[in-house]
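Structure first, then comments.
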Amino acid sequence: MNDETLQNYLHLFIKERPALIREIEEYAKENHVPIMDLLGMEHMLQFLRLIQPKKILELGAAIGYSSIRMVQELPDCQVVTIERNPPRIEKAKEYIAKTGSTHQITLIEGDALGAFELVQPHGGFDVIFIDAAKGQYKRFFELYEPLLNDDGVIISDNVLFHGEIFQTIENKRRRELVRKIKEYNEWIQSHPGYDTILFPIGDGVMVSRKKRKG
Ligand code: SAH
Ligand code: MG
């Protein structure tokens, strides 16, 4: 079984999305906004159905796609999401309003690394979804982990980075980025406070669950 056969097979089971969701997916494609891979998204939604979180913190809203998908799946859940790119913030606001999600999504505008004070009053979170700058995942984790509830889950997207973590990268900046992703993966896998598994789906979805104390 080759990977393409498997991927095609798995894609057969992805359900049709509402027209507005399709519109956001189309916009992302046309404007090169890196929203979550469809299969990765479906997997994350399934984890969330199992966890039934009441509060999620998302780092990296982009145009609001993943936060909108999450709240549509979880009608009793609040999502706090952070984005620093002004055009994307505008688009996220538009789509959050259009999909009727304003009562469930709080969008914080700015750099996630400088937004702790703004996020803190919204804690504790049942899930933290890390999907912002790929070279900063460890810093995001360390900064926001104190706001995670006991039994909380941290989900990190793009940890396989299109398979580049297995390749030799010529470009120096990119090589450094890939090195940081690999370092994060290894660091979190050996973190004594978390049980972590990397799901080889989409662009690599890593699920880390806080260990129960005692
Ligand atoms: N979660 C979105 C996709 C996010 S793409 C979805 O699946 O629909 C990553 C986003 O993170 C980009 O829009 C980028 O602008 C934003 N970002 C990167 N670093 C950031 C930071 N330090 N603070 C806030 N946003 C950041
Ligand atoms: Mg992503």
Side-chain angles (χ1 to χ4, degrees), residues 14 17-18 20-48 56-74 77 79-96 98-99 101 104-119 122 125 127-144 147 154-165 173 176-178 180-181 184-185 198-207:
I14 295 178
R17 276 88 57 216
L20 262 174
I21 295 294
R22 293 301 301 261
E23 186 188 320
I24 307 173
E25 289 170 1
E26 282 304 315
Y27 177 90
K29 201 169 167 187
E30 277 166 26
N31 296 279
H32 309 286
V33 180
I35 61 167
M36 200 175 192
D37 168 276
L38 261 188
L39 265 179
M41 190 76 237
E42 294 297 333
H43 276 71
M44 186 164 82
L45 292 177
Q46 182 73 337
F47 301 141
L48 297 178
I56 299 174
L57 171 64
E58 174 182 78
L59 310 180
I63 55 172
Y65 178 74
S66 50
S67 45
I68 292 167
R69 298 279 329 253
M70 293 193 282
V71 297
Q72 289 195 344
E73 201 59 51
L74 304 162
C77 183
V79 173
V80 175
T81 184
I82 313 176
E83 177 54 53
R84 69 177 175 192
N85 176 299
R88 288 186 184 167
I89 290 169
E90 287 318 304
K91 228 36 206 176
K93 283 183 185 165
E94 180 190 324
Y95 287 133
I96 290 166
K98 244 181 161 176
T99 52
S101 314
Q104 275 184 280
I105 301 175
T106 305
L107 178 63
I108 294 177
E109 304 174 25
D111 195 306
L113 290 171
F116 186 82
E117 261 76 58
L118 294 171
V119 176
H122 298 278
F125 298 100
V127 171
I128 298 177
F129 175 43
I130 304 181
D131 197 21
K134 308 307 160 199
Q136 307 283 352
Y137 275 24
K138 187 166 176 248
R139 290 178 71 193
F140 293 140
F141 185 107
E142 289 178 324
L143 181 61
Y144 287 107
L147 302 181
I154 295 188
I155 304 178
S156 312
D157 189 33
N158 310 102
V159 296
L160 292 176
F161 209 55
H162 340 285
E164 284 186 46
I165 65 162
R173 268 190 67 188
E176 182 57 16
L177 181 58
V178 167
K180 281 189 178 159
I181 296 168
Y184 174 72
N185 292 350
L198 198 173
F199 291 89
I201 200 79
D203 198 24
V205 179
M206 197 151 67
V207 179

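Indexing begins at 1, ligand by ligand and atom by atom, following the structure's order. Keep in mind that this is a model prediction, so the values were computed, not measured.
- Some N or O of Gly60 is nearer than 3.5 Å to an N or O of ligand 1, by distance alone.
- Under the salt bridge (Lys or Arg N to Asp or Glu O under 4.0 Å) criterion, Arg17 pairs with Glu25, sequence neighbours left out.
- In terms of protein heavy-atom proximity, atom 12 (C) of ligand 1 is closest to Arg88 NH1, 3.2 Å.
- Proximity to Phe140 (heavy-atom distance under 4.0 Å) selects the following atoms of ligand 1: 22 (N).
- Polar contact check, Ala133 against ligand 1: a nitrogen or oxygen pair lies under 3.5 Å apart.
- A heavy-atom separation below 4.0 Å is not found between Ala28 and ligand 1.
- Residues Ile155 and Asp157 are not in side-chain contact: their nearest non-hydrogen atoms beyond the backbone lie 4.5 Å or more apart.
- Annotation for ligand 1: atoms under 4.0 Å from non-hydrogen atoms of Gly110 are 23 (N), 24 (C).
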Test log, rule side chain to side chain contact (heavy atoms under 4.5 Å, CB included), inputs Leu48 and Ile56
CA-CA 10 Å; Leu48 297 178; Ile56 299 174; 4.2 Å; yes
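- Ranking protein heavy atoms by distance to atom 9 (C) of ligand 1, first place goes to Asp131 O, 3.1 Å.
- How far CZ of Phe129 is from CZ of Phe47: 11.0 Å, rounded to the nearest 0.5 Å.
- Leu45 CG to Met70 CE: the interatomic distance, rounded to the nearest 0.5 Å, is 8.0 Å.
- Because its NZ or CZ atom is both nearer than 6.0 Å to the ring centre of Tyr27 and within 45° of the ring axis, Lys91 counts as a cation-pi partner of that residue.
- Atom-to-atom distance recorded for Glu58:CD and Ser67:OG is 4.5 Å, nearest 0.5 angstrom.
- Between Ile35 and ligand 1, no pair of N/O atoms sits closer than 3.5 Å.
- If you check which protein heavy atom lies closest to atom 17 (N) of ligand 1, you get Ala132 CB, 3.7 Å.
- In this structure, atom 23 (N) of ligand 1 lies nearest to the protein heavy atom Ala112 N, 2.8 Å.
- Residue contacts with ligand 1 do not include Ala115, since none of its heavy atoms lies under 4.0 Å from the ligand.
- Of all the N, O or S atoms in Asp157, the one closest to the Mg ion (ligand 2) is OD2.
- Expressed to the nearest 0.5 Å, how far CG of Asp37 lies from NE2 of His43 amounts to 10.0 Å.
- Annotation for ligand 1: atoms under 4.0 Å from non-hydrogen atoms of Tyr65 are 8 (O).
- Rounding to the nearest 0.5 Å gives a distance of 9.5 Å between CD of Gln136 and CG of Leu177.
- Taking both residues in full, the closest heavy atoms of Ala61 and Glu83 are given as N-OE1, 3.3 Å, listed atom of the first, atom of the second, then distance.
- Here's the thing with Met36: one of its N/O atoms is less than 3.5 angstrom from an N/O atom of ligand 1.
- Here the shortest heavy-atom distance to atom 2 (C) of ligand 1, taken over Pro34, Pro86, Ser66, Gly40, belongs to Ser66.
- Here Asp131 meets the criterion, with an N, O or S atom under 2.8 Å of the Mg ion (ligand 2).
- Residue Ile108 holds its CD1 atom at 10.0 Å from CG of Leu59, rounded to the nearest 0.5 Å.
- Side-chain contact of Gln72 with Thr99: a donor-acceptor pair under 3.5 Å is absent, judged by distance alone.
- With a 4.0 Å heavy-atom cut-off, ligand 1 is reached by no atom of Tyr95.
- For the pair Leu160 and Leu198, the minimum side-chain heavy-atom distance is below 4.5 Å.
- For atom 22 (N) of ligand 1, the closest non-hydrogen atom on the protein side is Asp111 OD1, 3.0 Å.
- Tyr144 is linked by a side chain to side chain donor-acceptor pair (under 3.5 Å) to nothing, counting only residues two or more places apart in sequence or in another chain.
- The distance criterion of under 3.5 Å between nitrogen or oxygen atoms is not met by Asn85 with respect to ligand 1.
- At least one heavy atom of Glu58 lies less than 4.0 angstrom from ligand 1.
- The Mg ion (ligand 2) has an N, O or S atom of Asn158 inside 2.8 Å of it.
- For a threshold of 3.5 Å applied to N or O pairs, the pair formed by Glu83 and ligand 1 contains at least one separation below that value.
- Closest to atom 25 (N) of ligand 1 by heavy atom, among Arg139, Arg84, Lys91, Met70, is Arg84.
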